[in-house]
Novice: 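Pasting a structure below so you can have a look.
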Amino acid sequence: MNIYVSNLSFHTTEETLKTLFAQYGNVSSVRLITDKFTGSPRGFGFIEMSSEEEGNAAITGLNNKDVEGRSLAVSVARPKPDNNTSGRRW
DNA sequence: ACTGAGCGG
C-alpha cells in the first residue's frame with residue numbers, strides 16, 4: 001500500500017512518520033523526500049504499509065492530523081509511470 | 001543553498 005504524505009514540517013523526519021503510521025498498522029517502508037543540495041526534508045514523503053486496510057486506517061487517522069505544528073496531508077500515492085509494464089494499456 | 005505546493009527511486 002503506497003501512501004503519499006505531505007504538508008509536513010521541515011523538522012519532521014522518517015522516525016516521526018514511522019511512529020505515527022505504526023499506530024495504525026505495520027509500516028513496511030518510510031521514505032522522506034530530501035533536497036538534493038541541502039539534504040533537508042522537503043516536507044513530503046512516502047509510506048509503504050503491509051496491507052491496504054492498514055493504509056486506509058492510517059490515512060483516515062493521520063490525515064489532517066496536527067504534527068509538529070503542521071496538519072498532515074495523507075493520501076494514496078499515485079502509480080508511477082512505467083515503460084510498458086503498467087496497468088492500463090491503451 | 002531555499003520554502004509551503006505539493007507524488008519519489
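Computation of the quantities below employed the complete heavy-atom set of this structure, encompassing side-chain atoms and omitting hydrogens, waters and symmetry-equivalent molecules. Every chain is numbered from 1, with letters handed out A, B, ... down the list of sequences.
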Novice: Side chain of A/Phe37 only, heavy atoms from C-beta on: which candidate in B/dA1, B/dG4, B/dG6 is closest?
Specialist: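 That would be B/dA1.
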Novice: Figure out the CG/C1' separation between A/Asn64 and B/dG6, and round it to whole Å.
Specialist: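 Interatomic distance, CG of A/Asn64 to C1' of B/dG6: 15 Å.
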Novice: Within residues 47-63 of chain A, find the residues that approach DNA chain B with a heavy atom at under 4.0 Å, and present them sorted by residue number.
Specialist: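 Per residue number, the list is empty: none.
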Novice: Output the rounded distance in Å from CZ (A/Phe46) to P (B/dG6).
Specialist: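 One finds 14 Å between P of B/dG6 and CZ of A/Phe46, rounded.
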Novice: Looking at B/dG6, B/dT3, B/dG8, which one has an atom nearest to any side-chain atom of A/Ile33?
Specialist: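 So the nucleotide nearest the side chain must be B/dG8.
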Novice: Are A/Leu20 and A/Phe44 joined in one hydrophobic group, where the rule is that I, L, V, M, F, W and Y side chains link up if heavy atoms are under 4.5 Å apart?
Specialist: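 Different clusters: A/Leu20 never reaches A/Phe44 through Ile, Leu, Val, Met, Phe, Trp or Tyr contacts under 4.5 Å.
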Novice: More than 12 heavy atoms of other residues, nucleotides or ligands under 6.0 Å from CD of A/Gln23: yes or no?
Specialist: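 More than 12 within 6.0 Å, yes.
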Novice: Using whole Å, report how far NE2 of A/His11 lies from P of B/dT3.
Specialist: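 It works out to 12 Å between those atoms.
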Novice: Would you mind classifying the nucleic acid contact of A/Ser75 as base, sugar-phosphate or nothing, using non-hydrogen atoms under 4.0 angstrom?
Specialist: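 Result for A/Ser75 = base.
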Novice: Listed by chain and number, what are the side chain to side chain donor-acceptor pair (under 3.5 Å) partners of A/Ser51, not counting sequence neighbours?
Specialist: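 Side chain to side chain donor-acceptor pair (under 3.5 Å) list for A/Ser51, sorted by chain: A/Glu54.
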Novice: How long is the line joining CZ of A/Arg42 and P of B/dA1, in whole Å?
Specialist: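 From A/Arg42 CZ to B/dA1 P: 15 Å.
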Novice: By the 4.0 Å heavy-atom rule, please label A/Ile3 as base, sugar-phosphate, or nothing.
Specialist: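 Nothing, no heavy atom under 4.0 Å.
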Novice: Does B/dG4 fall in syn (glycosidic angle within 90° of 0) or anti?
Specialist: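 Base orientation: anti.
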Novice: Quickly work out the A/Asn2 CG to B/dG9 P distance and round it to whole Å.
Specialist: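 Nearest whole value for this atom pair: 14 Å.
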Novice: In terms of the nearest nucleotide of DNA chain B, which residue is placed more toward the 5' end: A/Tyr4 or A/Lys36?
Specialist: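 By nearest-heavy-atom nucleotide position, the 5'-most residue is A/Lys36.
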Novice: Which distance, rounded to the nearest 0.5 Å, do you find between the CD of A/Glu52 and the CD1 of A/Ile59?
Specialist: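 Output value for this atom pair is 9.0 Å.
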Novice: I'd like to know whether CD of A/Glu68 has more than 12 heavy-atom contacts from other residues, nucleotides or ligands below 6.0 angstrom.
Specialist: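 Counting neighbours around CD of A/Glu68, more than 12 heavy atoms of other residues, nucleotides or ligands fall under 6.0 Å, so yes.
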Novice: Rounded to the Å, how far apart are A/Leu32 CG and B/dG8 C1'?
Specialist: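 It works out to 11 Å between those atoms.
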Novice: Could you check how far CD of A/Glu68 sits from C1' of B/dG4, rounded to whole Å?
Specialist: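 Value for this atom pair: 15 Å.
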Novice: Rounding to a whole Å, what distance do you find between A/Phe10:CZ and B/dA5:C1'?
Specialist: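 Result: 10 Å.
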Novice: Is A/Phe44 stacked against the base of B/dG6, taking the criterion as centroid distance under 5.5 angstrom and interplanar angle under 30°?
Specialist: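 A/Phe44 vs B/dG6: stacking no.
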Novice: Walk me through it: do A/Val67 and A/Leu8 pass the test side chain to side chain contact (heavy atoms under 4.5 Å, CB included)?
Specialist: CA-CA 8 Å; A/Val67 175; A/Leu8 297 169; 5.9 Å; no
Novice: If you round to the nearest 0.5 Å, how far is CZ of A/Phe10 from OG1 of A/Thr38?
Specialist: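 The OG1 atom of A/Thr38 sits 10.5 Å away from the CZ atom of A/Phe10.
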